[in-house]
Chemist: 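Got a structure for you, questions after.
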Amino acid sequence: MLDILVYEERQQTAAGEAGPCLEYLLQHKILETLCTLGKAEYPPGMRQQVFQFFSKILAQVQHPLLHYLNVHRPVQKLLRLGGTVPGSQTEKEEVQFTTVLCSKIQQDPALLTYILEGKKMVSRKKSSKEPTTLPREAASVQDKDHSRSKAPDMSPCGAQALSSQLPAETEEPEGVVGESNLITALIGLCKSKKGRVALKAQENLLLLVSVASPAAATYLVQSSPCCRVVSEHLCQLYQSLPPFLDPADIAALEGISWRLPSAPSDEASFPGKEDLAAFLGWFDYCDHLITEAHTVVAEALAKAVAEKFFVEILQPHLLHVSEQSVLTSTALFTAMLRQLRSPVLLREAVAFLLGTDPQPAAPDDGPRTLCAHLIGHCDHLSDEISITTLRLFEELLQKPHEQVIHGLVLCNLEGRHYVARGSPEPESYEDTLDLEEDPYFTDGFLNSSFQPSTKPPPAPATNSDGKTAVTEIVNSFLCLVPEEAKTSAFLEETGYDTYVHDAYGLFQECSSRVAPWGWPLGPTPLDPHEPERPFFEGHFLRMLFDRMSRILEQPYSLNLQVTSVLSRLALFPHPLIHEYLLDPYINLAPGCRSLFSVLVRVIGDLMQRIQRVPQFSGKLLLVRKQLMGQVPGEQLDHQTLLQGVVVLEEFCKELAAIAFVKFPPHGPHLHLSPPREGHV
């Protein structure tokens, strides 16, 4: 039959004509007969043959067939057969059939509403006839052309094929009402255990949502289950995960792609590995769908993922009383953020975390948003939860969305209320520094035996625009840690310049990411007559400063994560962030603290503790060698303190390097290059 139909079409002289064999096929409902035999599997194996025949006839016959009712009906029946039974023997043929339909829709987007209709209730058909208008009109045009071009003896066949258009669809013999159509068939095939079948089905669905017709996209959103079934499958995969997963195992599987969703075979196996790979692969697919889809579909799908998954499924786990639930869900959310590339879905994720309009917080504000709860988790009794949640925020700070840095930090720094009012901004260091009256320097700190490098730096040089010379800022951070607490020189390590290369690359990356946001090059000048207002750095910075102040008492891994987040913050090329985090000479308002003042307090505490630890320098050097893997690890007295000192020294060098690359000696380094095209 197929060979005859293709040969007949090739012999036709007039384009768009239906030959007698095609007329016979349509008039006698041969496709419906084949569909019935395929559904009954009579004879055995018939379903496979029917799928193959439908795929070939739709692909090879150029005459438009899908507008004919006697083609549309069996196509819908075949779609209801496909993708419903997991592990079906005809999955390969089913996905090939959907591939042909999707390619036809791509060629003619008007077909989308026609093919997606499936089974509908009569009342629904009456309430919304708009989707059927375009296909019916197209069919009518074909009918007119056909009746003019064909011989009179063939017109009854044409009338039979074309006059019974969509209004007759309500006479479906099977009275089951449902939404079985191309979308549900594709989703069913996406769940296939056969990798190639699932991948092809995902590609077909991607082709469908990227149709560039606004009418088709609107129909896909409003009148099809597309957004719902995609987000529901994401929820199902999440709920099938084990109740507890090690964050290290989740990190090991990061980078899973929807095109290669299987877990890498060379990675260590752990319970739930395949389920985790399937979940991360489908989330990556959702992200890719939203990126490639028509704008209308992308917006609706992102909102469906946010409502169905983020709010209804993920949020209760993030706020659960069970530490295991909090730990697993936070690590999973971090992995999802790392994979996320779609600006639309990123916007929804940020709104989910921070709310739609973050406002400056007050010190006594309770946790009103999910973000406030997560900030509280960063100071959790469980160090593992604290570390995992800090990683979440570090990942969030690397996303190209201005609301992140504004909601966490900038909304609290605006107005520069951390700077003392009523007096002009300092022109030199000596005008403002009086160690005897500085509350951050304790008696023990002042009375300790300082080496020359820890003495207060001389008055900083200023550039023509009044900015402190970068050399003085760098030296301020490098001179914070006293000589007796430094060990890097003993291991032939150089100073802060070891961090400059990495800091430069990270700063360039950060600068290109924030370039479209139009940040100012310098802070707004202060009005010396403006009265002072209470300043609160915000819950996020307060948590980081509190953690930093306990660096000598916290585990090594936690200290690394805290300093990593602070370094990410310091890299942002915003003048307020640079001033508040990297300017040691800022004239702080009473009761305010900056990163430098917190570090000064820590150094004061360290100088008192050093006097109580015998052989401090030798033990400190041994601990550094242990951390570098040069000597076997063994438990020492005051090990937490000694590890904290090592982190403190390296953190000060890192801050010095960041200050150097942000403001090199020749002037402010704020030449922001735009991000690469399509880069998120």
Side-chain angles (χ1 to χ4, degrees), residues 231-232 234-254 270-273 275-276 278-280 283 305-338 340 348-356 358-359 361-397 404 407-408 538-547 550 553-555 557-562 565:
S231 57
E232 283 180 352
L234 183 67
C235 297
Q236 292 166 1
L237 290 172
Y238 182 88
Q239 291 169 328
S240 67
L241 295 173
F244 176 71
L245 287 167
D246 190 329
D249 292 334
I250 296 175
L253 280 188
E254 287 175 3
F270 57 88
K273 178 180 177 181
D275 292 334
L276 177 59
F279 168 75
L280 292 177
F283 180 80
V305 170
E307 293 170 5
K308 295 287 185 183
F309 177 64
F310 288 161
V311 177
E312 295 182 13
I313 302 296
L314 187 61
Q315 181 167 308
H317 286 84
L318 290 171
L319 301 178
H320 205 275
V321 295
S322 165
E323 291 188 0
Q324 285 191 349
S325 178
V326 170
L327 190 62
T328 300
S329 57
T330 305
L332 281 169
F333 195 32
T334 305
M336 288 186 284
L337 280 177
R338 187 167 287 122
L340 202 155
E348 294 294 332
V350 171
F352 165 67
L353 276 174
L354 303 179
T356 54
Q359 297 295 328
D364 53 352
D365 281 352
R368 294 174 298 181
T369 62
L370 175 62
C371 181
H373 283 282
L374 291 176
I375 291 173
H377 289 175
C378 293
D379 210 354
H380 201 276
L381 290 174
S382 166
D383 291 334
E384 195 171 11
I385 288 180
S386 296
I387 293 171
T388 304
T389 313
L390 283 166
R391 283 180 185 150
L392 171 64
F393 280 107
E394 184 179 11
E395 192 60 45
L396 191 63
L397 288 169
V404 174
L408 291 177
H539 294 292
F540 187 62
L541 281 177
R542 180 173 68 174
M543 174 273 298
L544 290 174
F545 286 174
D546 289 346
R547 278 292 189 190
R550 302 196 297 268
E553 306 159 4
Q554 295 172 158
S557 56
L558 179 55
N559 285 336
L560 287 180
Q561 194 57 53
V562 171
V565 174

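Any value given below was found using the heavy atoms of this structure, including those in side chains, with hydrogens, waters and symmetry copies removed. Nothing here was measured: the structure is a model prediction, and the numbers come from that model.
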Chemist: Using 4.0 Å as the upper bound for N to carboxylate O, is an ion pair formed by Arg542 and Asp379?
Modeler: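 Salt bridge: no.
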Chemist: Report yes if some heavy atom in the side chain of Leu390 is under 4.5 Å from a heavy atom in the side chain of Leu558; otherwise report no.
Modeler: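 Heavy-atom side-chain distance check passes, below 4.5 Å.
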Chemist: Looking only at heavy atoms, what is the nearest atom pair of Leu245 and Thr328, with distance?
Modeler: N-OG1, 3.1 Å
Chemist: Under 4.0 Å between a Lys/Arg side-chain N and an Asp/Glu carboxylate O for Lys273 and Asp249?
Modeler: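 Looking at Lys273 and Asp249, the cut-off is not met.
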Chemist: Mind checking the OG1-CG spacing from Thr388 to Leu332? Nearest 0.5 Å is all I need.
Modeler: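 So the gap between those two atoms works out to 10.5 Å.
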Chemist: Atom CD1 in Ile385, atom NE2 in His377: separation rounded to 0.5 Å?
Modeler: 7.0 Å
Chemist: Specify the closest pair of heavy atoms between Val404 and Leu354, including all atoms of both residues, with the distance to one decimal.
Modeler: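 Taking Val404 first and Leu354 second, the nearest heavy atoms are CA-CD1, 3.6 Å.
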Chemist: Could you check if a side-chain atom of Leu374 sits within less than 4.5 angstrom of a side-chain atom of Leu353, using non-hydrogen atoms only?
Modeler: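 In contact.
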Chemist: Using side-chain heavy atoms (C-beta onward) and a distance below 4.5 Å, is Leu327 in contact with Phe244?
Modeler: yes
Chemist: Would you say the side chain of Leu544 lies within less than 4.5 Å of the side chain of Phe393, judging by non-hydrogen atoms?
Modeler: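 In short, these two side chains do not touch, never coming nearer than 4.5 Å.
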Chemist: State the NE2-OG distance between His320 and Ser325, to the nearest 0.5 angstrom.
Modeler: 5.0 Å
Chemist: Nearest 0.5 angstrom please: Phe279 CZ to Met336 CE, how far?
Modeler: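 Between atom CZ of Phe279 and atom CE of Met336 there are 4.5 Å.
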Chemist: Within a strict 4.5 Å, meaning less than it, do heavy atoms of the Leu237 and Asp275 side chains meet?
Modeler: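 Of all side-chain heavy-atom pairs linking Asp275 with Leu237, none is under 4.5 Å.
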Chemist: Please verify the inter-ring angle class for Phe310 with Phe283; under 30° counts as parallel, over 60° as perpendicular, anything in between as tilted.
Modeler: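 Phe310 and Phe283: tilted rings.
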Chemist: Could you tell me which non-hydrogen atom of Glu312 sits nearest to which non-hydrogen atom of Pro316, and how far apart they are?
Modeler: O-CG, 3.5 Å
Chemist: Go through it in stages, so that I can follow the logic: the residues are Phe352 and Leu370, the test is side chain to side chain contact (heavy atoms under 4.5 Å, CB included), and I'd like the CA-CA distance, side-chain angles, deciding distance and then a yes or no.
Modeler: CA-CA 8 Å; Phe352 165 67; Leu370 175 62; 3.3 Å; yes
Chemist: For a 4.5 angstrom cut-off between non-hydrogen side-chain atoms, does Ser386 reach Val562?
Modeler: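 Counting from C-beta outward, Ser386 and Val562 never come under 4.5 Å.
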Chemist: Take His373 and Leu318, measure what side chain to side chain contact (heavy atoms under 4.5 Å, CB included) needs, and give me the verdict at the end.
Modeler: CA-CA 9 Å; His373 283 282; Leu318 290 171; over 6 Å; no
Chemist: With a 4.5 Å heavy-atom cut-off, do His380 and Thr389 have their side chains touching?
Modeler: no
Chemist: Tyr238 and His317: side chain to side chain contact (heavy atoms under 4.5 Å, CB included), yes or no, with the steps?
Modeler: CA-CA 11 Å; Tyr238 182 88; His317 286 84; 3.8 Å; yes
Chemist: Rounded to the nearest 0.5 Å, what separates atom CE in Met543 from atom CZ in Arg547?
Modeler: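 Going from CE on Met543 over to CZ on Arg547, the span is 8.5 Å.
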Chemist: Please report the closest heavy-atom contact between Cys235 and Lys308, naming both atoms and the distance.
Modeler: SG-O, 3.4 Å
Chemist: Got a second to check how far Ser329's OG is from Gln324's CD, nearest 0.5 Å?
Modeler: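 Spacing of OG (Ser329) from CD (Gln324) equals 11.5 Å.
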Chemist: Are the side chains of Phe333 and Glu395 in touch, meaning some heavy atoms are under 4.5 Å apart?
Modeler: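 Not touching, per the 4.5 Å side-chain cut-off.
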